[in-house]
Amino acid sequence: MPIGKLGSVKALLLENIHSEATRILSNRGYDVENRAGALTDGDLIAALEGVSYLGIRSRTQITRDVLDAAPELKAIGAFCIGTNQIDLEAATDAGVAVFNAPYSNTRSVVELAIAEIISMARHLTDRNKDVHEGRWDKSATGSHEIRGRSLGILGYGNIGSQLSVVAESLGMSVYYYDIVDRLPLGNAKGVSSMEELFELSETISLHVDGRAGNANLIGAAEFAAMRPRTLFLNLCRGNVVDHDALHDNLVSGHLAGAAIDVYPQEPKTKGEPLISKLQGLSNVILTPHIGGSTEEAQVDIGRYVAGKLADYETHGATSMCVNLPEVPAPSPVDHRIVHLHHNVPGVMARLNNVLATHDMNIRSQTLSTRGQLGYAVTDVSGVAPADLLDELEALEETVRVRML
């Protein structure tokens with residue numbers, strides 16, 4: 001799908017994405033529009049008219065209907081870790097690249113988890129409330145150091161593994177369970193099942209993704225398998241915990257406390273209220289999905305994702321793309337043709353034959369495939385005829401093509 005000059009490329013950034021992203025894209029020549037909140041359904045479709053690049057966070061839902069109604073959209077930047085708010089299959093079918101920030105807010109989430117573990121162990125929220133209300137209680141009853149305590153981490157990816165390192169540096173014993181065989185950091189010990197993790201751990205922290213198979217991963221049976229008076233944290237995805245079962249175990253005292261940053265249904269705008277049956281429980285810390293909400297993390301996310309979008313536009317680079325074949329591409333020489341196509345035999349021969357008929361010499365060519373798609377970045381020299389992109393678009397296998 002051919003594009004115009006860079007100066008005419010429009011980017012729409014939703015959900016208060018950090019101004020660093022606007023700065024980077026504007027400096028690259030994009031026409032950038034910012035909107036504070038998330039958009040849904042018809043409003044989102046209307047806003048995407050003429051938009052080539054869309055930036056979102058976690059609340060905007062990108063469905064197949066939205067993608068079908070936005071043929072000019074070339075890429076989506078998820079300025080967060082997760083991409084479960086995007087229909088990746090539909091994006092792939094449409095040839096829309098998706099980029100996210102898998103590492104940028106790792107430290108911020110880890111620090112919040114540590115802060116909440118200490119807060120629950122020391123009952124800091126209760127002591128804060130007491131003093132604000134004029135009560136003075138210096139009792140040590142029920143307050144503990146976290147040094148020497150055991151932490152169980154469910155999900156040992158980027159965040160879980162860094163939490164492991166920081167927790168161990170504070171004197172905790174760390175156990176972890178992951179469905180992927182992962183190398184332990186420090187003295188952390190991997191276990192063979194969730195049940196074993198629950199048996200060994202006095203504190204449980206969840207760090208799994210939001211895939212459908214993880215829905216209600218932790219429910220009544222899992223809470224029952226945890227040790228009495230366990231501290232429980234969920235800073236990953238709201239749908240992985242059955243909140244009815246969590247509520248019952250907090251009220252009964254089986255769980256000593258919980259810290260929750262994510263919810264099954266979250267407000268889409270700042271003014272919309274959160275409704276949760278966990279509200280009002282004195283042994284629960286509730287935060288509004290702020291695990292990655294530090295200035296440092298948001299600057300890094302803005303810089304990283306905006307840079308990926310700009311490199312895709314300018315160079316055709318798909319390194320670290322979530323859904324398309326990955327091709328790292330340096331600055332183009334003369335002409336660069338980026339060709340996203342169905343991964344079938346003979347397609348590269350047909351692509352190169354079109355170039356050969358116009359006496360265009362291939363200086364370099366990189367191909368990567370992922371599933372049903374192939375992505376070729378071809379640097380050519382020679383005079384590009386006006387109808388070259390039309391000929392390449394006419395190839396039966398072409399999904400998207402453009403010249404840089």
Check: Leu44 main-chain N/O paired with Asp41 side-chain donor or acceptor under 3.5 Å
no

Check whether any side-chain N or O of Ser139 sits under 3.5 Å from a backbone N or O of Thr141 as a donor-acceptor pair, and report yes or no.
yes

Just by distance, with hydrogens left out, do Asn214 and Asp209 show a side-chain donor and acceptor under 3.5 Å apart?
yes

Check this for me: Arg59, atom CZ, are more than 12 non-hydrogen atoms of other residues, nucleotides or ligands nearer than 6.0 Å?
yes

Heavy-atom closest contact (Ala75 atom, Leu309 atom, distance)
CB-CD2, 3.9 Å

Taking side chain as C-beta onward, heavy atoms only, is Phe99 less than 4.5 Å from Ile76?
no

So with a 6.0 Å cut-off around CD of Glu266, is the heavy-atom count from everything else above 12?
yes

Taking NZ, NE, NH1 and NH2 as the nitrogens, is one of them in Arg35 or Glu33 under 4.0 Å from a carboxylate oxygen of the other?
yes

Can you see which heavy atom on Ile301 is nearest to which on Cys80, and at what distance?
CG2-N, 4.0 Å

Where Met403 and Ala384 come nearest, the two heavy atoms and their spacing:
CE-CB, 3.8 Å

Glu89, CD atom: more than 12 neighbouring heavy atoms under 6.0 Å
no

Flag the pair Asp137 and Arg135 as a salt bridge only when some basic side-chain nitrogen lies within less than 4.0 angstrom of an acidic carboxylate oxygen.
no

Strictly by salt bridge (charged side-chain N to carboxylate O under 4.0 Å, His left out), give each pair with a member in residues 166-182 just once, sequence neighbours left out.
Asp178-Arg182

Decide ring-ring contact (aromatic ring centres under 6.0 Å, His included) for Tyr103 and Tyr304; before the verdict, give the C-alpha distance in whole Å, the side-chain angles of both, and the deciding distance to 0.1 Å.
CA-CA 10 Å; Tyr103 309 112; Tyr304 181 85; 7.4 Å; no

Step through the shown structure and confirm whether more than 12 heavy atoms of other residues, nucleotides or ligands are within 6.0 Å of CD on Glu295.
no

Is any NZ, NE, NH1 or NH2 atom of the basic residue among Arg336 and Asp379 found under 4.0 Å from an Asp or Glu carboxylate oxygen of the other?
yes

Mind checking the CG-CD1 spacing from Asn105 to Ile159? Nearest 0.5 Å is all I need.
5.5 Å

Examine distances only and state if a side-chain atom of Ser201 and a backbone atom of Ile204 form a donor-acceptor pair shorter than 3.5 Å.
no

Might you point out which heavy atoms bring Ser119 and Ile285 nearest each other, and give the distance in Å?
CB-CD1, 3.9 Å

So, taking the atom named OH in Tyr175 and the one named CD in Glu202, what distance separates them when rounded to the nearest 0.5 Å?
9.5 Å

Checking His207 now: which residues fulfil ring pair (Phe, Tyr, Trp, His ring centres under 6.0 Å) with it, not counting sequence neighbours?
none

Heavy-atom check, side chain of Leu233 versus side chain of Thr203, under 4.5 Å:
yes

Side-chain contact test, heavy atoms from C-beta onward, threshold under 4.5 Å: evaluate it for Val241 versus Ile260 and give yes or no.
no

Within-4.5 Å side-chain heavy-atom neighbours: Val347 and Leu395
no

Any heavy-atom pair between the side chains of Thr287 and Glu116 that's under 4.5 Å?
yes

When you compare the side chain of Leu340 with that of Leu324, does any pair of heavy atoms fall below 4.5 Å?
yes

Give the C-alpha distance, both sets of side-chain angles, the deciding distance and a yes or no for side-chain contact (heavy atoms from CB on, under 4.5 Å) between Leu170 and Arg147.
CA-CA 6 Å; Leu170 294 172; Arg147 180 180 56 175; over 6 Å; no

Only one of Arg350, His341, His342 passes side chain to side chain donor-acceptor pair (under 3.5 Å) with Glu397, and that residue is Arg350

Please, which pairs that meet salt bridge (charged side-chain N to carboxylate O under 4.0 Å, His left out) have at least one residue in residues 271-280, sequence neighbours excluded?
Asp244-Lys277

The reported gap from CD in Glu393 to NE2 in His339 (rounded to nearest 0.5 angstrom) is 9.0 Å

Just checking, any donor-acceptor pair under 3.5 angstrom between side chains of Ser282 and Asp126?
no

Under a 4.0 Å N-O cut-off, is there an ion pair linking Lys74 with Glu313?
yes

dist His243:NE2 -> Leu278:CG (nearest 0.5 Å) comes out at 5.5 Å

Within the side chain of Ser26, is there an N or O that forms a donor-acceptor pair under 3.5 Å with the backbone of Arg23?
no

Considering residues at least two apart in sequence or located in another chain, which fulfil the ring pair (Phe, Tyr, Trp, His ring centres under 6.0 Å) criterion with Tyr263?
none

Between Asp130 and Arg127, does any side-chain N to carboxylate O distance fall below 4.0 Å?
yes

Backbone N or O of Gly382 within a donor-acceptor pair of the His335 side chain at under 3.5 Å?
yes

Can you tell me if Glu111 uses its side chain to pair, donor with acceptor, with the backbone of Arg107 under 3.5 Å?
no

CD of Gln372: more than 12 outside heavy atoms within 6.0 angstrom?
no

Out of curiosity, Thr398 OG1 to Arg400 CZ, how far, rounded to the nearest 0.5 Å?
12.5 Å

According to ring pair (Phe, Tyr, Trp, His ring centres under 6.0 Å), who are the partners of Tyr176, at least two apart in sequence or on a separate chain?
Tyr156

Non-hydrogen atoms of Thr314 and Leu404 that approach each other most closely:
O-CD1, 3.2 Å

Can you see whether Gln365 engages Thr378 through a side-chain donor-acceptor pair at a distance of less than 3.5 angstrom?
yes

Keeping His247 on the side-chain end and Ala245 on the backbone end, is there a donor-acceptor pair under 3.5 Å?
no

Under 6.0 Å from the ring centre and within 45 degrees of the ring axis: does the NZ or CZ of Arg402 meet both conditions for the six-membered ring of Tyr312?
yes

Side-chain (Asn100) to main-chain (Gly82) donor-acceptor, under 3.5 angstrom:
no

Tightest non-hydrogen contact, residues Ala21 and Leu13, listed as CB-CD1, 4.1 Å

Closer than 3.5 angstrom, by distance alone: can the side chain of Thr83 be matched with the main-chain N or O of Ile86 as a donor-acceptor pair?
no

Quick one: does Thr230's side chain have a donor or acceptor within less than 3.5 Å of a partner on Arg227's backbone?
yes

So Leu351 and Leu392, do their side chains get closer than 4.5 Å, heavy atoms only?
yes

Is any NZ, NE, NH1 or NH2 atom of the basic residue among Lys308 and Asp311 found under 4.0 Å from an Asp or Glu carboxylate oxygen of the other?
no

Partner set under ring pair (Phe, Tyr, Trp, His ring centres under 6.0 Å) for Phe79, not counting sequence neighbours
none

Spacing of Leu286 atom CG and Leu281 atom CG [to the nearest 0.5 Å]
8.0 Å

